[in-house]
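Below is one structure, written out as structure tokens; comments come after it.
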Amino acid sequence: MPSSEVLNSYFAPAVDATIAGMRAGDGGPFGSTLVDSDGKIVVAVGNTVVRETDPSGHAEMVAVREACRMLNTLDLSAYTMYATCEPCPMCVSVMMLAGIKTCYHASTHADAAANDFSVDHLLNYLDGSDKATFDLVHIEEGREDCAEIWTEYQALKA
């Protein structure tokens with residue numbers, strides 16, 4: 001666990017970006033800071049859902065997008081995320097896809113839910129306790145065109 005001083009130095013920019021973004025009408029009460037292996041802050045951002053009219057504009061998602069563009073890489077495995085609130089399943093997914101292995105967070109899903117930002121419907125769907133929230137339907141036959149994409153991918157990769 002990082003020291004209090006280190007945590008303060010990484011959470012403070014996320015809090016500042018979050019508050020500035022909320023005041024500007026950019027998004028909700030969520031922020032994050034992405035830090036490289038040398039301890040240098042790469043990005044510190046707030047939520048941009050409202051400004052971008054984009055439900056995926058969560059702070060962790062924005063941080064990953066900005067860092068990948070800035071660094072010209074899809075591999076953030078040498079980086080650590082500091083999030084003002086426990087990341088939702090979408091944000092956990094994007095961090096994992098980018099290779100991030102550690103995310104420190106302050107507030108929890110319960111704190112977010114208590115302030116009208118519940119992700120319980122996502123968590124319940126993903127843990128299998130509520131499949132009524134979303135229908136994910138596999139079309140098993142008649143989509144050879146979709147199967148051909150894999151053939152094309154392998155040919156281009158060769």
Side-chain angles (χ1 to χ4, degrees), residues 1-131 133-134 136 138 150 153-154 156-157:
M1 179 70 75
S3 69
S4 292
E5 295 80 21
V6 169
L7 290 173
N8 290 343
S9 70
Y10 298 144
F11 277 105
V15 169
D16 292 343
T18 302
I19 291 172
M22 286 190 308
R23 289 178 178 162
D26 291 345
F30 306 96
S32 64
T33 303
L34 188 68
V35 178
D36 71 15
S37 59
D38 293 325
K40 179 182 173 221
I41 293 174
V42 178
V43 294
V45 299
N47 179 296
T48 63
V49 168
V50 176
R51 182 182 75 213
E52 302 294 331
T53 317
D54 178 2
S56 71
H58 295 196
E60 300 87 351
M61 183 78 76
V62 172
V64 167
R65 286 177 184 154
E66 287 189 17
C68 286
R69 273 194 295 270
M70 281 175 41
L71 302 167
N72 194 33
T73 186
L74 297 174
D75 180 10
L76 300 178
S77 57
Y79 298 79
T80 302
M81 188 74 75
Y82 294 81
T84 62
C85 188
E86 184 177 0
C88 75
M90 174 185 68
C91 291
V92 169
S93 298
V94 78
M95 286 187 280
M96 290 176 69
L97 288 169
I100 296 170
K101 295 183 180 41
T102 304
C103 175
Y104 296 98
H105 69 88
S107 300
T108 67
H109 284 157
D111 297 320
N115 288 279
D116 302 320
F117 289 94
S118 177
V119 294
D120 287 346
H121 62 296
L122 296 173
L123 297 171
N124 294 340
Y125 177 80
L126 293 171
D127 75 9
S129 63
D130 180 9
K131 291 298 183 184
T133 305
F134 182 74
L136 187 60
H138 177 210
W150 298 113
Y153 171 75
Q154 289 301 326
L156 291 169
K157 188 174 130 183

**Item:** Contact summary for Val43 and Ala67, nearest pair of heavy atoms
**Value:** CG1-N, 4.4 Å
**Item:** Under 3.5 Å: donor-acceptor pair, side chain of Thr84, backbone of Gly31
**Value:** yes
**Request:** Can you measure from CG (Asp36) to OG1 (Thr80) and round to the nearest 0.5 angstrom?
**Result:** 9.0 Å
**Request:** I would like to know whether Asp127 and Asn124 meet side chain to side chain contact (heavy atoms under 4.5 Å, CB included); could you show each step before the answer?
**Result:** CA-CA 5 Å; Asp127 75 9; Asn124 294 340; 4.3 Å; yes
**Asked** OG1/Thr133 to CG/Asp130 distance, rounded to the nearest 0.5 angstrom?
**Response** 3.0 Å
**Request:** Run through Val42, Val64, Val35, Thr73 and flag the one making a side chain to side chain contact (heavy atoms under 4.5 Å, CB included) with Tyr79.
**Result:** Val42
**Message:** Could you go through Tyr10 and Tyr104, starting from their C-alpha distance and side-chain angles, then the distance that decides it, and tell me whether this counts as side chain to side chain contact (heavy atoms under 4.5 Å, CB included)?
**Reply:** CA-CA 10 Å; Tyr10 298 144; Tyr104 296 98; over 6 Å; no
**Fill in**
Value for CD1 (Ile41) from OG (Ser9), rounded to nearest 0.5 Å, stands at 6.0 Å
**Whether Glu86 side chain and His109 backbone form a donor-acceptor pair below 3.5 Å** = yes
**Ser32 side-chain N/O to Ala59 backbone N/O, donor-acceptor pair under 3.5 Å** = yes
**Message:** Could you report the tightest heavy-atom contact between Ala83 and Phe11, atom names first, then the distance?
**Reply:** O-CE2, 3.1 Å
**Asked** Is the closest side-chain donor-acceptor distance between Thr48 and Arg65 under 3.5 Å?
**Response** no
**Prompt:** What are the two closest heavy atoms between Tyr125 and Lys131, and how far apart are they?
**Reply:** O-NZ, 3.1 Å
**Prompt:** If every non-hydrogen atom of Gly28 is compared with every non-hydrogen atom of Phe117, which pair is closest and at what distance?
**Reply:** CA-CZ, 4.4 Å
Expected list for residues 93-103: side-chain donor-acceptor pairs under 3.5 angstrom, two or more places apart:
residue, atom, partner, partner atom, Å
Ser93, OG, Pro89, O, 2.8
Lys101, NZ, Gly99, O, 3.3

**Asked** Nearest 0.5 Å, what's the CG-CE distance between Asn47 and Met22?
**Response** 10.0 Å
**Message:** Taking CG in Leu156 as the centre, count heavy atoms belonging to other residues, nucleotides or ligands within less than 6.0 Å. Is the count above 12?
**Reply:** yes
**Message:** Any side-chain to backbone donor/acceptor pair from Asp38 onto Lys40? Under 3.5 Å, distance only.
**Reply:** no
**Complete:** So CE of Met61 and SG of Cys88: to nearest 0.5 Å the spacing works out to 7.0 Å
**Message:** Checking the side chain of Asp111 only, and the main-chain atoms of Ser107 only, is there a donor and an acceptor separated by less than 3.5 Å?
**Reply:** no
**Message:** Under a plain distance cut-off of 3.5 Å, with no hydrogens placed, do Asp75 and Ser77 share a side-chain donor-acceptor pair?
**Reply:** yes
**Asked** Roughly how far, to the nearest 0.5 Å, is the CZ atom of Phe30 from the NE2 atom of His105?
**Response** 13.0 Å
